Amino acid sequence: MYVSLLNVKDYRNAEMRSVELSEGRNAFVGCNARGKTNLLEAIYFSGVGKSFRTPRDRELIKDGCERAFISVTAQKEGVTDTVRTVIDKAVNKRVSINNIPITRMSELMGVCPVVLFCPDGLKIIKEAPADRRKFMDIALCQASRAYFSLLSQYNKILASRNKLLKSGTASDNTLMPWDVLLADTGAKIVKTRRGFIKKLSPIAAEKHAFLSDGGEVLSLSYEGEKGETTEEIKSEILSRLAKDREADLRLKYTHTGPHKDDVAISVNGADLRSFGSQGQQRTAALSMKLAEMNLMTEVIGTAPVLLLDDVFGELDGGRRRKLMSILDGFQSVVTATDGADMSEFGVNITNI
């Protein structure tokens, strides 16, 4: 799969912009504050239905305008799909695929799959567990609409249980039905995430070894409720919920479930979440994203678009060449302030 055309109107700082992309390597090149990342964000938005820079869609509307428009055309095995999004100040965003409005965001998943690495990408290494859960969930939601629906269902159950806890009327009897629903749905999420990390780890280790010239060994493991089968995990969650009942009632929120899980990340046996240089963390985060590309390609049967925002400035010439060699075989879009050294890599450059 590759994006052949991007159009935006009244979006961020762009009144009107149309960009044609090649199937291989692409670059948006220009000075800072010209809007390179804005265009990358528009492609990402068309893939997952939200921005990676703000949770408030209305911030994407150009100053002085009432609405913004994004259109992305994707090509996959002779089939053309166009995702159009209207972001309006007055109403919720509206998304259509080939001019047919979608009624659920799950319908968007997998139409234009994307993988993003940006300066904030280090969050999956050194920030809170929520950032590592987000990393897993975005990949899994694009690979499986069923997982997207499962995660949405879990979040609604969790919100209802927390609302009951905050009401002051919660008891063993009133919490039990929510416990069962939470454990049943949560166990499926844990099993899916654990399987994802189990498959991702050796691929990420291979990418990391290549980028670090074989000097480092990267390892990933899922930290959550134990159990191999869904029933075993469900039993563990129910047991933990019972143990945490007093704390839940006292603090009025749910302490147990996949919304509290994490991913352990280590290099040469040392926990990279707590130790390691920024260079090691950046290489590990990039390796995880490249592994995500490979794994998503295997699962969904087509390669996502790799979006790399402001990555080249952080890499020396050797690592830059290594990264570009890994990008063979699928579409990539990078942002850079200088395109002078990109010609040797066969990059389609769009000056912004």
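FYI, side chains are in, hydrogens and waters are out, and symmetry mates aren't considered; it's all heavy atoms of this structure. Owing to the predicted nature of the structure, the values given are computational and were not obtained by experimental measurement.
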So CD1 of I138 and CZ of F148: to nearest 0.5 Å the spacing works out to 11.0 Å
Note to self: Assess the residue pair Y154 and K188 against the criterion (side chain to side chain contact (heavy atoms under 4.5 Å, CB included)); give the C-alpha distance rounded to whole Å, side-chain angles, the decisive distance to 0.1 Å, and a yes or no.
What the structure shows: CA-CA 10 Å; Y154 178 85; K188 296 171 186 174; over 6 Å; no
- Query: Looking only at atom types and distance, does a side-chain atom of R282 sit under 3.5 Å from a main-chain N or O of V311, one as donor and one as acceptor?
  - Reply: no
#### Entry: Under-4.0 Å salt bridge between K322 and D213
yes
* Carboxylate-amine/guanidinium contact D88 R67, below 4.0 Å -> yes
R161 with D179: basic N within carboxylate O range, under 4.0 Å: yes
* To do: Would you mind reporting whether R17 and T350 have side-chain heavy atoms less than 4.5 Å apart?
  => yes
Closest non-hydrogen atoms of L108 and F45, given as atom of the first, atom of the second and distance, are CD2-O, 4.4 Å
What do you reckon, is CD of E59 surrounded by more than 12 foreign heavy atoms closer than 6.0 Å? yes
Among the clusters formed by ILVMFWY side chains lying less than 4.5 Å apart, do I124 and F117 turn up in the same one? no
So CG of D248 and NZ of K243: to nearest 0.5 Å the spacing works out to 14.0 Å
Worksheet item: If only atom types and distance count, is the side chain of D10 paired as donor or acceptor with the main-chain N or O of E66 below 3.5 Å?
Response: no
Please indicate whether K50 has more than 12 foreign heavy atoms, meaning atoms of other residues, nucleotides or ligands, lying under 6.0 Å from its NZ.
-> no
Taken to the nearest 0.5 Å, the spacing of C31 SG from I352 CD1 works out to 11.5 Å
Applying the 4.5 Å side-chain criterion to the ILVMFWY set and letting contacts propagate, would L220 and L272 be lumped into a single cluster?
yes
Yes or no on side chain to side chain contact (heavy atoms under 4.5 Å, CB included) for Q75 and E23, after CA distance, side-chain angles and deciding distance?
CA-CA 9 Å; Q75 310 287 341; E23 296 183 42; over 6 Å; no
In short, L308 meets L323 closest at the heavy-atom pair CD1-CD2, 4.3 Å
*Given side chains that start at C-beta, do those of V333 and Y2 come closer than 4.5 Å, heavy atoms only?*
no
message: Does this structure show an ion pair linking R245 with D172, if we count only N-O contacts that are shorter than 4.0 Å?
response: yes
TODO: Find out if a path of hydrophobic residues (ILVMFWY) with successive side-chain heavy-atom gaps under 4.5 Å connects L286 to L40.
DONE: no
Smallest heavy-atom separation, V48 atom then M105 atom, equals O-CE, 4.4 Å
Exercise. Do the side chain of Q331 and the main chain of V3 share a donor and acceptor less than 3.5 angstrom apart?
Worked result: yes
R58 side chain vs K89 backbone, donor-acceptor pair below 3.5 Å: yes
Interatomic distance, NZ@K191 vs CZ@F196, rounded to 0.5 Å, equals 15.5 Å
Rounded to the nearest 0.5 Å, the CG atom of L181 sits from the CG atom of L158 at a distance of 12.0 Å
Output yes when a side-chain donor or acceptor of S287 lies under 3.5 Å from a complementary backbone atom of T283, and no otherwise. yes
Measuring only between side-chain heavy atoms, which start at C-beta, is Q280 closer than 4.5 Å to I125?
no
Sub-4.5 Å side-chain heavy-atom contact between D120 and D309: no
- Are side-chain heavy atoms of E292 and F135 found at a separation under 4.5 Å? yes
Mutual orientation of the aromatic rings belonging to Y44 and F52 [parallel < 30°, tilted 30-60°, perpendicular > 60°]
perpendicular
**OP:** For S235 and E231, indicate whether the former's side chain and the latter's backbone hold a donor-acceptor pair under 3.5 Å.
**Re:** no
What I'd like to find out is whether the side chain of L306 reaches to under 4.5 Å of the side chain of L290, using heavy atoms alone. yes
Cationic N near anionic O, under 4.0 Å, E41 to R12:
yes
Notebook entry, point to check: Distance only, no hydrogens: is a donor on one side chain within 3.5 Å (strictly under) of an acceptor on the other, for Y147 and R193?
Noted result: yes
- Query: Should I189 and I233 be regarded as members of a common hydrophobic cluster, given that ILVMFWY residues are connected when their side-chain heavy atoms come within less than 4.5 Å of each other, either directly or indirectly?
  - Reply: yes
Taking every heavy atom of Q281 against every heavy atom of F275, the minimum-distance pair comes out as NE2-O, 4.1 Å
**Asked** Above 12 or not: heavy atoms from other molecules or residues under 6.0 Å from CD of E15?
**Response** no
Less than 3.5 Å apart, any donor N or O on the side chain of S51 or T54 sitting next to an acceptor on the other? no
NZ of K234: more than 12 outside heavy atoms within 6.0 angstrom?
yes
Exercise. Heavy atoms, side chains only, cut-off 4.5 Å: are L175 and L165 in contact?
Worked result: yes
Check for me, please, whether I43 and M1 land in the same ILVMFWY cluster - side-chain distances under 4.5 Å, paths through other members count. yes
Exercise for review: Using atom types as modelled and distance alone, determine if a side-chain donor or acceptor of K62 lies under 3.5 Å from a backbone N or O of A14.
Suggested key: no
The reported gap from CD in E206 to OG in S201 (rounded to nearest 0.5 angstrom) is 12.0 Å
Fill in: Main-chain N/O of T73 paired with T82 side-chain donor or acceptor, under 3.5 Å
no
*Are a donor atom and an acceptor atom from the side chains of D310 and T335 found within less than 3.5 Å of each other?*
no
### Query
Is it true that a side-chain atom of S239 and a backbone atom of E236 form a donor plus acceptor pair closer than 3.5 Å?
no
For Y222 and V190, the nearest pair of non-hydrogen atoms, with its separation, is CE2-CG1, 3.8 Å
Determine, stepwise, if the pair E246 / L249 fulfils side chain to side chain contact (heavy atoms under 4.5 Å, CB included).
CA-CA 5 Å; E246 183 179 336; L249 290 168; 5.9 Å; no
_With side chain to side chain contact (heavy atoms under 4.5 Å, CB included) as the criterion, how do T169 and T174 come out once you've worked through the C-alpha distance, each side chain's angles and the decisive distance to 0.1 Å?_
CA-CA 8 Å; T169 63; T174 57; 6.0 Å; no
Review point. Hey, is E232 close enough to R194 for a salt bridge, meaning N to O under 4.0 Å?
Key: no
Next item on the list: I would like to know whether F210 and H208 meet ring-ring contact (aromatic ring centres under 6.0 Å, His included); could you show each step before the answer?
Entry: CA-CA 5 Å; F210 179 72; H208 191 90; over 10 Å; no
Check: Does a sphere of radius 6.0 Å around CG in D328 hold more than 12 heavy atoms from other residues, nucleotides or ligands, not counting ones at 6.0 Å or beyond?
Finding: yes
Tell me if a side-chain donor or acceptor on N268 pairs with a main-chain N or O of V217 at a distance below 3.5 Å.
yes
Residues A204 and A291: closest non-hydrogen pair is N-CB, 3.5 Å
- prompt: Are L241 and T254 close enough that some pair of their side-chain heavy atoms sits under 4.5 Å apart?
  reply: yes
